[in-house]
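Just so it is clear, the structure is predicted and the values come from calculations on it, not from any experiment. Below, read A as the first sequence line, B as the second, and so on, with proteins coming before strands; counting in each chain starts at 1.
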Amino acid sequence: MKPSRPTDPPRAPAQELIALIRMPAQARDWTLRRWDRILRMARASNVLGRLAYAIEQASLRDQVPERVQFHLVAIERLTRHQREALDWECQHLEDALQGMRLPLVLLKGAAYAKAGLQAAQGRLFGDIDLLVPREALEAVEDTLKMHGWVRDQMDPYDVRYYREWMHELPPMRNLVRGTVIDLHHNILPPSTGHAPDPALLIAASLPIDGTCFRRLADTDLLIHSATHLFHETELKNGLRDLLDLDGLLREFSAASTEFWPALLTRGQALGLARPLALALHCCARLADTPIPEPVRLQALRSAGLSRWRAGLLEALYRRALSPHHELVDTWPMHLARFCLYVRGHALRMPAGRLALHLTRKAWWRMFKSSSRKI
Amino acid sequence: MPDAARLSDLALDEAARLMRAGQLGLQCGPLTLSAKTSLPDVARSVYTLYANHPVEVAPDFSDFHVSVRLPGNLRRFFRAQAHFFVEGEAPFEPLPRVQAPALFEWGLNWVIAAGCHQWINIHAASLERNGRVLILPAPPGSGKSTLCAALALRGWRLLSDELTLLDPHTLMAHALARPINLKNASIELIKAFEPTAVWGQVTYETTRGRVTHLRPPRESVERMRELARPAWVVFPKYVAGAEPMLTPRDKAATFTHFAQNAFNYSVHGERGFDAVGRLVDQCQCYEFEYSQLHDALEVFDWLAEHSDEAQPPH
């Protein structure tokens, strides 16, 4: 591990949170004021559930001030409930789709949870992401419609944005339960030019015991998680996603000695060596994930990422992944987020279309009146 | 915090300055809420409505840090809007700028309902008399808040107008003693009923019509840390010209209502099912039709005095 450089503060807020989640015992004698600050950071980064889980696992709950315990209990109930709701929703999806005899590949949070991975512990779940073969997409969409999932009202531009340029359909909401499913035909938009062949992902996917669903193979699941974070334009959940990657890397590498070489080979085969290299580099540097140094260096080399470039991106992500919170926001963080926002969009579409798209978004923000109600 | 200052001990300017700095900690029952805003109308509204609440300057620990502020883009000036934020997150779309004081109250309701899963949070008003709690659940338009305001102004201790907070184990009710939200004709009704009541600013043309808030009575605020046991669940229904009528309500239907209207019933899972079951078991459940506040007060006062008798008067 590299010693921290003089330009960085001794403990950036993101590192403080990560360290606390990894070693909660350090919080034993914390003052209320210190707790107040860290709970705010954890909430803003959407990792309060993980913190509560870490404290519970270390049997430290009783040593935390009572006013803090309240919030840990509250978030634990919410994460447990969301986990149960996810199981229930998957049951409904299974009832609707299992007759189609298709590979149904759960992605992201739902996959971590159903596959029993550590990364799902203490995590909040949002929409369910499901990958199906491109040619079956419309049939699956129709079947879901027959079972009560409908598309939210959307203006025609947004519909076109999804249909033509994205790797997923517009979200579909269940009329009765209000739950949302995102149907994917790939893990990256085709317009990026880096989208892998989804058939490769589906072919390597593994069945999830006791369900009709599948999940990506360990290497692919990791690569998808990396692709997701390092193509993202909004990094509000960035720290949570980094912790996902950290948890997955720790679990997979502990389970098999073959994991590291297989991961690098697979990154090349899918044409996603670059986000993979960034993930390994940033996890090692920002989350202290135990990644063998030769693996990290080889990943950077085969992705064609120079040290200089990797260092620059690391510096940007270090700032951008900090909790989005006025207590700790600095102008370098805003600048880093802006740079990565533009980078995320630039990876997603050609410059001309990007300019039109962002102008359009800014214009709408100006004039659209609010549609949601309190 | 035995000797905490009340908000009214500060001058308005001082309170507004603390709110600009995000250093005003309002104590509402078991919660400390830090309020941050540089909008003078929001500061004035908080100052009016929470005058009796204990405050702490720059508290060590706040359960929630909330702020109301103008957007960063041109909507600051052009068709101006105001945003509600909690920990940097805007949980809902902005509202027109003039609704900012009401937005503060509604935002707090949301923050508590969506964040406090240590309790079962029911969408209902609750008031206490002689150590027993009356819960008034209500579909919109039933006159729940009107009735709640009238009772709070006539000797019942206000726990909460919107959010009844119950400990899932003991079923004891917590008090927040926050302002009561009234709308449209009920505003004049309560103004006539109690001319000395203190009101916040009136906001027009919200999605709920014309709304304002009523400052909670001082005694309710002073006793807000006392827990109390729920004894009655009464579903009010305003019917023009009706004679007051209290009729027993089916317990199974009452259970179902709570299951569907508690903000976080499902979050509690089996524990929630069990707790709501015990709540309905231990409470007398009624439906209540009324048209006159004075009739309603008589009936509830009777209920408070004769709580052990099974049959209400007719």
Close side-chain approach of Val68(A) and Phe61(B), heavy atoms under 4.5 Å: yes
Contact check, side chains of His81(A) and Asn264(B), non-hydrogen atoms, under 4.5 Å: no
Within a 6.0 Å radius of atom CD on Glu94(A), are there more than 12 heavy atoms belonging to other residues, nucleotides or ligands? yes
By a 4.5 Å heavy-atom criterion (distance strictly below it), what part of Arg80(A) contacts chain B: side chain, backbone, both, or neither? side chain
Value for CD (Glu87(B)) from CG (Leu48(A)), rounded to nearest 0.5 Å, stands at 10.0 Å
What part of Pro71(B) gets closer than 4.5 Å to chain A, counting heavy atoms only: side chain, backbone, both or neither? neither
For Ala74(A) and Cys116(B), which heavy atoms make the closest approach, and how far apart are they? CB-C, 4.4 Å
Verify side chain to side chain contact (heavy atoms under 4.5 Å, CB included) between Arg271(B) and Arg77(A), making sure each step is shown before the conclusion. CA-CA 10 Å; Arg271(B) 189 188 308 102; Arg77(A) 290 200 177 135; 3.0 Å; yes
Calculate, to the nearest 0.5 Å, the distance between atoms NE2 and CG belonging to His268(B) and Leu78(A) respectively. 10.0 Å
Approximate separation, where rounding is to 0.5 Å, of Arg67(A) CZ and Leu31(B) CG: 8.5 Å
May I ask you to decide whether Arg43(A) forms a salt bridge with Glu89(B), counting only side-chain N to carboxylate O separations under 4.0 Å? no
Do Asp36(A) side-chain atoms and Ser62(B) backbone N/O form a donor-acceptor pair below 3.5 Å? yes
Can you list everything that forms a side-chain hydrogen bond (donor to acceptor under 3.5 Å, both in side chains) with Glu89(A)? Sequence neighbours excluded, please. Arg177(A), Thr179(A)
What part of Asp63(B) is in contact with chain A, defined as an atom under 4.5 angstrom from a non-hydrogen atom: side chain, backbone, both or neither? both
With under 30° as parallel and over 60° as perpendicular, where do the rings of His71(A) and Phe64(B) fit, or are they tilted in between? perpendicular
Top residue by heavy-atom pair count (under 4.5 Å) with chain A, among Ser266(B), Ser67(B), Gly269(B)? Ser266(B)
Hey, is the main chain of Ile75(A) close enough, under 3.5 Å, to the side chain of His117(B) for a donor-acceptor pair? no
In terms of heavy-atom proximity below 4.5 Å to chain B, should Leu39(A) be classed as side chain, backbone, both, or neither? side chain
